[in-house]
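Data block below; observations after.
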Amino acid sequence: MADLAQALPRRVSSLTLRLAVALTLLLAAGGAAVALAAIAYGHNAARQSYDRLLIGAANQIAEALTLQDGAVNIDIPVAAFELLALAPQDRIVYAVYGPHGTLITGYEGLRGPAPDQTFSDGSFTGEPMRFAAVDRRFAERSLSGTVRVVVGQTTRARGELTRSITRSALIAVALVGVLMSGLAIFAVRSALGPLRRIERALAVRAPADLTPLDLAVPREIGTLVATLNGFMARIDRQVAATRRMIGDASHQLRTPIAVIRAQSELAIGEDDPARQQVYAQRIHRRAVSLGRLTDQLLNQALIIHRADAVPLDLIDLRRVAMQGVEEMDHVARDEGQAPDTDLRLDLPEDAVMVKGDSLSLIEACKNLATNALHHGAAPVVISVRVEGAMAVLAVQDSGPGLPRDQWQDAGSRFRRRTSVSATKVGLGLSIVDAVARAHHGEMSFAQTPARKFEARVILPLVGEGQG
Amino acid sequence: MRWRALMLALSVLPCAALAEVRPEAEQSYGSPTAAQHLLVRGTTDLALFDPVLQLFVADHPEVRIDYEQWGSNDLYNRAVAACAGEVQAADLVISSSVDQQVKLVNDGCAQSHSSAATAALPPAYNWRDEVFGITREPAVIVYNRALVPKADVPQSRFGLIDMLRTQGGRYDGRVATYDIEQSGLGYLFAFADAQQATTFGSVIEAFSRAHAVTTCCSAEIIDGVASGKYLIAYNILGSYAFARADSDPNIAVVAPTDYTLILSRAALIPSRASNPATAGVLIDFLLSQAGRQALAREHLYLEAAEMRGEGLLDLEDGDSYLRPISLSPVLLAGLDQQRRAHFIALWRSTFSKH
């Protein structure tokens with residue numbers, strides 16, 4: 001169970017939850033904005049409609065004004081009150097003022113709109129009230145001046161209309177919100193659907209199945225699937241390489257170790273010091289050889305690993321060749337031998353650029369050269385050249401070379417051969433082959449017209465401008 | 001009936017004399033030691049309202065009620081003074097001058113009370129949850145059954161106009177109606193008539209031609225009809241007419257079929273009431289089934305069906321001729337000083353033409 005818990009990915013938070021939170025915030029903000037707008041709208045709409053009632057009533061009263069013997073006369077029209085009673089729960093006040101501000105009829109002590117204003121807000125016995133004023137000008141012989149009609153009404157109906165408009169708007173907002181939430185949930189589900197398909201496809205796979213996923217997925221997730229497939233391919237290659245290496249190692253190490261063991265047993269059983277000395281020398285020789293083999297095996301493993309793991313640099317193939325020769329000289333010097341004079345370099349004047357891992361390529365170069373020195377005939381020439389769009393690292397010798405029927409599978413053919421010597425051609429070629437493949441190139445062989453044998457590593461050339 | 005004359009006398013007194021104004025009648029109900037005390041002021045005759053209040057205190061032994069009967073103008077002036085804090089406020093004010101009650105509400109002198117009973121009231125009988133119509137009393141035509149020939153009996157205002165035109169001699173000086181200057185209720189009915197139909201002009205013209213008598217009060221008019229002093233009376237409050245018709249076979253009642261005004265006595269709880277909660281309980285009782293039945297027994301609550309049952313209405317179809325006087329601020333127009341003065345001037349000029 002602990003393993004399973006570890007196998008689960010680190011949880012940040014659910015995608016759905018995050019979307020839900022974001023959507024909630026968005027809806028809340030939008031809802032609040034719409035609500036505020038609705039309240040403002042409701043307030044305005046209610047104010048406008050009931051202000052019209054007030055003005056209508058005031059106008060009706062103003063129209064009922066008459067002059068009689070130089071005095072303003074008013075028969076308050078019932079219709080004006082019926083109009084105001086359209087707001088059935090609201091109280092009404094009114095007043096009619098003569099030209100000098102004297103109250104003609106109506107409520108005393110009202111504080112209506114200022115002289116140049118039509119509407120005002122105030123209160124009447126503790127309840128908020130809205131006032132409207134209408135002026136009527138008289139220019140008669142008997143009376144000249146303005147009669148002002150003030151009508152006021154409490155604001156219950158306005159409040160109710162405001163609330164009802166706002167409520168309707170908010171209900172609409174809530175419905176839209178619910179609808180949008182539903183759509184969002186649906187969208188998230190369907191967007192995450194392909195992921196679930198991938199999950200199911202992976203879950204039902206056999207443990208060792210590392211073949212690419214073949215699923216129809218949306219473009220946005222296509223890259224994920226491509227990356228996943230690339231990742232699996234890399235694992236697949238590494239698993240295969242590891243398996244191959246283990247196979248090679250067990251195959252190639254078992255025999256020399258068995259020989260060393262047999263000879264050491266002989267040495268133990270031998271009484272004659274001189275013969276013991278002979279065995280000891282044999283064991284030493286074998287051990288040195290085994291050491292080299294082990295080095296080479298590990299190198300191969302390292303190179304195969306690097307092929308996938310190390311990013312490819314832009315390198316000059318000429319430097320690879322020179323480095324290879326130099327290192328071979330070093331090795332020879334370390335082993336107390338003179339540098340091989342049969343080794344020559346044939347390099348062009350211009351750089352030959354490829355994308356690659358120099359360590360692997362140098363190793364491949366060394367292996368080819370070593371094979372040529374050991375199995376071919378001097379002189380051995382390491383050359384670098386450009387052939388069309390390809391860069392070629394070639395090692396040429398004057399020997400008979402590899403039989404033509406073995407060219408095809410030289411990369412794998414010799415791996416399995418029982419080999420007690422690290423100097424044997426097999427392992428070297430399989431490393432070269434692996435390196436060439438890791439660099440999207442290939443290993444090939446050729447018999448030149450001058451009857452010389454040539455082993456090549458052919459790599460894609462990187463042009464000047466291609467960085 | 002003496003207090004009616006008293007009311008008339010008092011109503012013309014200036015407001016300065018308010019402190020000396022006394023109720024027309026007073027009566028207490030319930031135990032003097034009851035926990036809740038309720039002061040009710042109303043225009044309704046004690047004789048009619050007494051059984052209703054008796055029933056209430058029987059149902060609510062925890063309440064003691066002091067009922068004061070006032071003339072409508074005194075009651076209004078007192079409520080205005082109470083609203084200003086000058087005199088003690090009642091806990092409940094019930095008046096047939098519904099325009100004055102509406103004005104009290106409009107001027108912020110009432111407080112709201114809401115319950116299931118008030119919510120069930122039609123909008124015409126409930127304004128702002130502050131004033132409630134508790135009775136249903138039609139404005140009717142009363143005539144003397146013995147003195148008016150069956151054929152003459154008018155069923156509508158048109159009938160009344162025709163009768164006065166064709167039989168002018170017989171009814172000359174023997175038609176009565178309220179004096180709208182003296183009677184708030186008369187003014188209210190006349191004003192409502194003026195709003196309802198154009199026939200009102202013809203009616204008062206016919207009245208003036210027949211030298212109709214205008215007088216102050218329901219009781220006086222009904223007494224006159226009963227005694228034969230008047231033959232017919234117009235716009236009489238149905239509750240008083242029915243009460244008299246119960247005991248006097250000469251009194252007959254007609255609800256006009258062109259339209260019948262329905263007055264609903266208005267109850268409100270003054271803003272400065274000391275026991276508004278119990279006042280609310282009394283309102284809810286008056287609006288309840290039991291309360292309505294008690295009011296109906298005193299002819300204070302008449303349903304259309306009942307009126308038809310009593311043979312008051314000839315029409316078969318519903319109650320479309322019933323015109324409730326709505327408790328709404330429209331009534332304020334009638335109270336406007338100038339409008340009132342003009343209306344009364346018009347009335348007076350019509351009646352003094354001949």
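Residue numbers begin at 1 in each chain, while the letters A, B, ... track the order of the sequences.
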Between OH on residue A:Y107 and CG on residue B:L332, distance to nearest 0.5 Å: 5.0 Å

B:E130 with A:R91: basic N within carboxylate O range, under 4.0 Å: no

A:Q89 side chain to B:R128 backbone, donor-acceptor under 3.5 Å: yes

Part of residues 264-283 of chain B lying next to chain A, heavy-atom separation under 4.5 Å: none

Neighbourhood of chain A inside residues 184-195 of chain B, taking heavy atoms under 4.5 Å as contact: B:F191, B:Q195

OG1 on A:T154 to CG on B:N106, rounded to 0.5 Å: 8.0 Å

Under the side chain to side chain donor-acceptor pair (under 3.5 Å) test, residues paired with A:E108 that sit two or more places apart: none

Under 4.5 Å from any heavy atom of chain A - which part of B:V102: neither

Closest non-hydrogen atom pair between A:D90 and B:P329, with its separation: O-CG, 4.0 Å

Interface residues of residues 45-83 of chain A facing chain B - non-hydrogen atoms under 4.5 Å apart: A:V72, A:N73, A:I74, A:D75, A:I76, A:P77, A:V78, A:F81, A:E82

A:Y41 atom OH, neighbour heavy-atom count above 12 within 6.0 Å: no

